[in-house]
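Just so you know, these numbers use all the heavy atoms, side chains as well, and skip hydrogens, waters and symmetry mates. Computed from a prediction, not measured in an experiment: that's the story for all the values here.
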Amino acid sequence: MSSLNGNGNGRQRPGVRGQPEVGQALWRGVSQIAAAVRPTLGPTSRLVAVSRPSGAPELLDSGATIVRRLIALPEHDANVGAMLARAVIWQTHEAVADGTATAAVIFEQAVASGLRALAAGADPWTLRRQLECVSARIDAELAAMARPVAGKARLTRLALLLCHDPELAPLIGEILDVVGPDGQVEIHAAPGRRCGRDYAEGMHWPGGVVSPQFITDQASRRVALTDCGILISDLDLSDPTEIRLILDQARAAGLGALVITAQRLSDAAIGALLTDPLPAFAVTLPGAGETARMVAQQDLAVLTGGQVFSRAAGDTARQITPSSFGQARIAWADRDLFGLIGGKGDPRALRRHIAGLRAALADGRDRESVARVRERLSKLLGGSATLHIGGATATEIETRKENATRAVTVLRGILIDGVVPGAGGAYLACRRSLLAATSVATTEAERTALQLAIAALEAPARAIIANASHEPAAILARCERAGPGFGFDTVTGQVVDLAAAGLHDSAAVARAAVRIALTAAGQALTIDTVVSPRSPATATTPLA
Amino acid sequence: MTAATTMTQEPVGTAPDVVHAFAASPRYADEPIYLSARDSGLWRSDDGGLSFDHVYASPVPGRPVTATCIAFAPNFASSGIVFAGAAGAMLRSHDAGRRWRAIALPAPPPLVTCLTISPDYDEDGVILAGTLEDGVLRSDDRGERWRRWNFGLLDLTVYCLAASPGYATNETLLAGTETTLFRSENGGRSWRETAFPESAAPVLALAIGHDDTIWAGTEHHGIWQSSDHGATWRGSDQGFITGAVNELVLAEGFSLAVLPDMILVAGHPEWDWRPALTGLGDGGGCPRGAIAGLAAPSGIGPDATLLVQQRDGLVRRLRISDQD
């Protein structure tokens, strides 16, 4: 097998290549990538060694990490297929943080079956459209198969399957049980070898006190006020009279303390605030960037029941009235952060706001915007959890952090979408209905797509069984005879009722893996021609 | 108990200041202890409510601490442990309410509105307290240390709490708030809102049956029932339930609902509420005459004796009789 590391020694042959050369090269590339990650499938999986320029090889068990080490195949013609497979793996990782090897083997089998169908005369575009229909059908079946998961014990068992870390798994299970699928979880390295967790109340944003003189507790280096009013603004408060006006309005509102959020306060304005008898402090606007600040203000307003005063809307300090202020049970700040506990806004309005964010999360297609909405949502739910990860070495800590991050991501998906039978059993269960559909298919293309998907759905179970050093064909036949819901437990070596044996996979991961793989396979099968441009001349010295 | 069940009442004793809660020990050596939470602190009676001793006022002379709610530990008969909520503190007694110790709560000092103790308290030591503006406080060391657990609790004004009878296995709790009902399935560490109709809130009283049926008493909209863990709700449609339902008590075969001036009874399985006793206030709707609490030291059933205490301190003994 060619080395998968580095650019290789082959030179690119410029030109245009068509079928059957393209299909054969595509297959070589796809199969090499699938072969690189297939060993990582299943509980009795194996490691993949990636050589390094010097020193010991890197031993990896994550499909996404393995393909990140791959720059290109030495054989450039096969590289097109390799990069397609790499993209499938990476897309799956980005979408659900797991299932990368599953997606790779489904993609590989779908491409193999598809190329044979094309060689037999199938039309690639028709086949692609039919594959998309079959993919949607499989997705619906997996969704219907999913069962909800709740409770610390179940989450801990699933966490253990994901991270293989007996110390981390109960911590992760507990955290997810407490904060739920939308809650904020931060993962940090801890000094020492032990792991731990803690929970923080309320919500916080980046952006601390505008002046260290507001810090009243030197031991903790923070200031905190209770039962205070909050002025939510992006105003530029440079005139001390504006501060005095705001303070007067706060007193008229019966407030015993005040927090001002603003774009900027002048030294004179800070002085006016510090010298007034009403306890108060000022913070810079939460959020980095204008959009982030705007949404932070919106969230603060709902949380505390206050009004937003915005320069863009032409608002000024003179418009502030006693009813303008939000309120909170506790407000605190240090040099970097500003936080609230117990916002006193209308709970009904808060629930509607959160429902709106959840709807935005469900609709979100852009990963970055989904992450931003999730962060807002997690702040509004009333707290956060921090997982502290220790280890003997920095490398161990980093590895444990990666595993924990992946486990948390997958468990969130499980809390939202539930679980399906594991060990490839969910895919095998889908095969049954596809087989029935094959006999009533109305077109040859439909029948071909169904058969292609049936073969592809078997691939994960085959790989898992083979990785456990068993003969896949014989085991799969036993699973088929046992009936729906049965699969192979590689640890015990028995065909078992998967649900009863506690063998589950995330429904979100199972659905994403097959959807991405079959969609990419449909696209790959429509590639008819590959154009390799001439490589530009290179030199290490400037041209004369 | 049948649809013909009635109650009779007679005044027993009085008290000088406003009563917020009234409770009786569960079968304490067959001589029940009654505790009364008042503006002036905690009061204790061991003579059936005829007289009360002032057992807790305040650690600071001249600054009484208002006591707001009372909860007897499930193992009270052997341990003598009682908890009482107060403005800014938790009170605990180990000697059946004779002496009390104040335990600090997380700052700022919350006003405790309600208490619920885990049915499995012997094993887990879990107690929860609802507060007026700080959500839910939780202790898992028998009340020694407390912290707020408000993940997902989007309304921090908690009026009532209830633990599932099967708490030892399902860790299920409910919190009634100003705007809706929340449910926890991890012993109060996090909460999720139920589908309780917002228009029927605030929720002032809760009870959970052994079949997991949930009963919620509201301020203006009667009594609501859910048989599917809060996913759907059915409201009582009797027009006479016009006052605040402050307490719900479930018993074998029937249940009681305590309103400011009447007690309702509903037989199982019809759950058709009807007045068992009316006019218990001063008849003019005066708030000081409203019922503050109902005590049933030997349970609720035919020929049982109950005590109710009004907010003005008047104690009345009730007798339940079946008129078939």
(message) I'd like to know whether B:N186 forms a side-chain contact (heavy atoms from CB on, under 4.5 Å) with A:K152, so could you lay out the CA-CA distance, the side-chain angles of the two residues, the decisive distance to 0.1 Å, and finally the verdict.
(response) CA-CA 8 Å; B:N186 55 16; A:K152 180 181 162 184; over 6 Å; no
(request) Step by step, work out the side-chain hydrogen bond (donor to acceptor under 3.5 Å, both in side chains) result for A:R351 and B:T179. (result) CA-CA 10 Å; A:R351 285 201 294 278; B:T179 58; 3.0 Å; yes
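Note: B:N150 CG to A:L381 CG = 12.0 Å, rounded to the nearest 0.5 Å. Atom CD1 in A:I354 sits 7.5 Å away from atom CD in B:E193 (nearest 0.5 Å). How far OG1 of B:T157 is from NZ of A:K344: 9.0 Å, rounded to the nearest 0.5 Å. Rounding to the nearest 0.5 angstrom, the gap separating the OG atom in B:S190 from the CD1 atom in A:I175 is 12.5 Å.
Only the side chain of B:R147 comes within less than 4.5 Å of a heavy atom in chain A; its backbone stays farther off. At a 4.5 Å heavy-atom cutoff, B:E171 makes no contact with chain A through either its backbone or its side chain. The part of B:W149 that comes within reach of chain A is its side chain, from C-beta onward, which places non-hydrogen atoms under 4.5 angstrom from that chain. Heavy-atom distances place no part of A:L303 under 4.5 Å from chain B, backbone and side chain included. Interface remark: A:A349 contributes no atoms to any contact with chain B (heavy atom separation under 4.5 Å). Only the side chain of B:L156 comes within less than 4.5 Å of a heavy atom in chain A; its backbone stays farther off.
Taking a cutoff of 4.0 Å between a charged side-chain nitrogen and a carboxylate oxygen, B:R189 and A:D177 do not qualify as a salt bridge.
Between chain B and the options A:G183, A:S384, A:G151, heavy-atom pairs under 4.5 Å are most frequent for A:S384.
Looking at B:P108 and A:R329, their side chains come closer than 4.5 Å, going by heavy atoms from C-beta outward.
With a 6.0 Å radius and a threshold of 12 heavy atoms from other residues, nucleotides or ligands, B:R101 has its CZ atom above the threshold.
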